[in-house]
There are 2 protein chains.
Amino acid sequence: MSQDDLPPAEPRRKDAAATRAAIVRAAREAFTRLGYDGAGVREIARAADVDTRLITRYFGSKEGLFAEVVDVAYEKSLMMTPELNAQAARALLMDPDSSAHDGLLLTLRSASNERAAAIMRDSIQRNYQRRLADALPGSDTVARSALLIAICSGVLLSRMVLGHTELNRPETEQLIPLLHAALDAVAAAPGTGQAAVAAAPAGETAGPSATA
Amino acid sequence: MSQDDLPPAEPRRKDAAATRAAIVRAAREAFTRLGYDGAGVREIARAADVDTRLITRYFGSKEGLFAEVVDVAYEKSLMMTPELNAQAARALLMDPDSSAHDGLLLTLRSASNERAAAIMRDSIQRNYQRRLADALPGSDTVARSALLIAICSGVLLSRMVLGHTELNRPETEQLIPLLHAALDAVAAAPGTGQAAVAAAPAGETAGPSATA
DNA sequence: GTTGCATGTCCACGAGTGAGGACATACGCT
DNA sequence: AGCGTATGTCCTCACTCGTGGACATGCAAC
């Protein structure tokens, strides 16, 4: 439906690198949309215009392919820092699907599967949480970064995966400052009680969707 | 492994009510542990010491069984009110698995499946979110209740489903006041800027796990 | 006691899965 | 040019899944 517009008339024969890339691309789309269990290797292969056999040859197994997909997905994820909480809150609540949280979204749709969860837990720690923890002020940065990621995951899960309609309506915009305050409550240095809580009188800096 | 200790020597023959109950009980355990896709009807039937055929006879299909399980699971969920945010924060972060958030946990593990997600979205709105919205002060109560549920879901997802080790360590206790503040930032009436943010100097009322 | 229907049991079907063996082809090196 | 190997293709295997048909059994009403 959406990936038939790869290179259209180019047969791409005997090009391992291009084949690998096409598989990873199709797999990322399929895993993000359907989850680890929901996406089948046949479907991925068809979307990538590639024989099924090549998947197991190049990546060993479906699990190996998933691990590779997860790793690259987190590299384009929106980086969260205490200064970006406002933009993060807006992006989490308003962006339609956005590539900003590809990693997290991929995570959520596949969390049910135990093997997939283990792969993603590992990748989150390597690619996401370490960076976030380094950017946080104060102490307990690892734990607090994990809590921040957890909160963001929950919002994304409710909106995108569960399809909670209450978070996809016009009033959702009112929630941005609230979510911002909630994020700041965790991200701000502990002890410095002032935080930015209850800031932003609902106007909020209407930044350009912050899909960095 | 864990459900062989039902009624041991009682054949329970020709008792539809007891059979239904046993199926629901086994299904709830299986769905919560493995998710909708991960749990199979054969496995559920074996755990309930019942023939597979009875599942489709009594509940129509696996989907029908799941809907029934979801409905009953949310009735024993921890009710959240602004006054209980402290206990909720503690329960979410510290309780080992607890039956307090059976509904949410069941939700998270099955969120990948689209049909299951639809069933749960419906049940959440009926059994959980309506009640929470009524208990919230201020305006936009439905949207804010959805955001609260989202945040709680994220914490539970990271801890229980994804198995994030950073949220299952001793330092996690330090996060309780932070999560409490984050919840209050959303739950407290908007406009009244004071909230309870940055309250609780890390001591926190060590309430009894709050599994109401 | 006999009949009727709900309840319980056995078994099979068709579709789906991930994986891999066996063979064909074309690119790259000598 | 000729060979070798990486790459691409076809087809099958072994398995699990949800569902339902066909039959056995026991409780309950008459």
Side-chain angles (χ1 to χ4, degrees), chain A residues 6-7 9-27 30-31 33-70 109-110 112-116 118-119, chain B residues 6-7 9-27 30-31 33-70 109-110 112-116 118-119:
Chain A
L6 303 177
E10 191 180 349
R12 196 197 65 246
R13 297 172 63 89
K14 303 278 179 181
D15 187 342
T19 300
R20 270 190 69 107
I23 293 176
V24 168
R25 196 151 36 110
F31 282 140
R33 189 165 43 90
L34 303 166
Y36 180 82
D37 288 324
V41 289
R42 284 172 177 82
E43 184 175 2
I44 294 174
R46 184 160 20 88
D49 198 38
V50 148
D51 192 278
T52 311
R53 190 66 172 82
L54 296 183
I55 290 184
T56 63
R57 239 218 285 280
Y58 284 155
F59 303 94
S61 64
K62 180 186 180 183
E63 205 173 310
L65 171 60
F66 182 74
E68 180 127 344
V69 168
V70 169
R109 278 243 162 72
S110 302
S112 3
N113 187 285
E114 206 166 342
R115 326 258 300 180
I119 293 174
Chain B
L6 302 177
E10 192 179 349
R12 197 195 66 244
R13 296 171 62 88
K14 303 277 178 180
D15 186 343
T19 301
R20 268 190 71 106
I23 293 176
V24 169
R25 194 152 33 113
F31 283 140
R33 188 165 44 90
L34 303 166
Y36 180 82
D37 288 324
V41 290
R42 286 173 174 81
E43 184 176 3
I44 293 174
R46 184 159 20 88
D49 197 38
V50 148
D51 192 276
T52 310
R53 190 65 173 81
L54 296 184
I55 291 184
T56 62
R57 238 216 291 274
Y58 285 155
F59 302 95
S61 66
K62 180 186 181 182
E63 205 175 309
L65 172 59
F66 183 74
E68 181 128 343
V69 168
V70 168
R109 277 240 163 74
S110 302
S112 4
N113 186 287
E114 206 166 343
R115 325 258 302 178
I119 293 174

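Just so it is clear, the values below take in all heavy atoms, side chains as well, and ignore hydrogens, waters and symmetry mates. Letters A, B, ... are given to chains in the order of the sequence lines, protein chains preceding strands, and every chain is numbered from 1. The model shown is predicted, which means the values in this text are computed figures rather than measured ones.
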Grab the [atom1]-[atom2] distance between [X] and [N] for me, whole Å please.
| X | N | atom1 | atom2 | answer |
| --- | --- | --- | --- | --- |
| A:Arg46 | D:dG8 | CZ | P | 19 Å |
| A:Leu54 | C:dA26 | CG | C1' | 14 Å |
| B:Asp15 | C:dG8 | CG | P | 7 Å |
| A:Leu65 | C:dA19 | CG | C1' | 14 Å |
| A:Ile23 | D:dT7 | CD1 | C1' | 11 Å |
| B:Leu34 | D:dC17 | CG | P | 11 Å |
| A:Ile55 | C:dG20 | CD1 | P | 13 Å |

B/S/- contact track for nucleotides 10-18 of chain C, protein heavy atom under 4.0 Å:
B-B----BB
Would you indicate whether the side-chain heavy atoms of B:Ile44 and B:Leu65 approach each other to under 4.5 Å?
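Yes, their side chains come closer than 4.5 Å.
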Locate the shortest heavy-atom distance separating A:Asp37 from A:Lys62; write the atom from each residue and the value.
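Looking at all heavy atoms of both residues, the shortest contact is O-NZ, 4.0 Å.
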Might you point out which heavy atoms bring B:Ala116 and B:Ser110 nearest each other, and give the distance in Å?
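Taking every non-hydrogen atom into account, CB-O, 3.7 Å.
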For the residue pair A:Tyr36 and A:Phe31, does the interplanar ring angle fall in the parallel (under 30°), tilted (30 to 60°) or perpendicular (over 60°) class?
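The arrangement is parallel - the two ring planes meet at less than 30°.
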Please report the interatomic distance CZ(B:Arg109) to CD(A:Glu114), rounded to the nearest 0.5 Å.
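B:Arg109 CZ to A:Glu114 CD: 7.5 Å, rounded to 0.5 Å.
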Rounded to the nearest 0.5 Å, what separates atom CG in A:Leu54 from atom CZ in A:Arg20?
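It comes to 11.5 Å.
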Base, sugar-phosphate alone, or nothing: which one does A:Tyr58 contact when heavy atoms must sit under 4.0 Å apart?
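It contacts sugar-phosphate atoms only.
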Nearest heavy atom decides the nucleotide; on that basis, is A:Ala16 or B:Arg57 closer to the 5' end of DNA chain D?
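Closest to the 5' end, via its nearest nucleotide, is A:Ala16.
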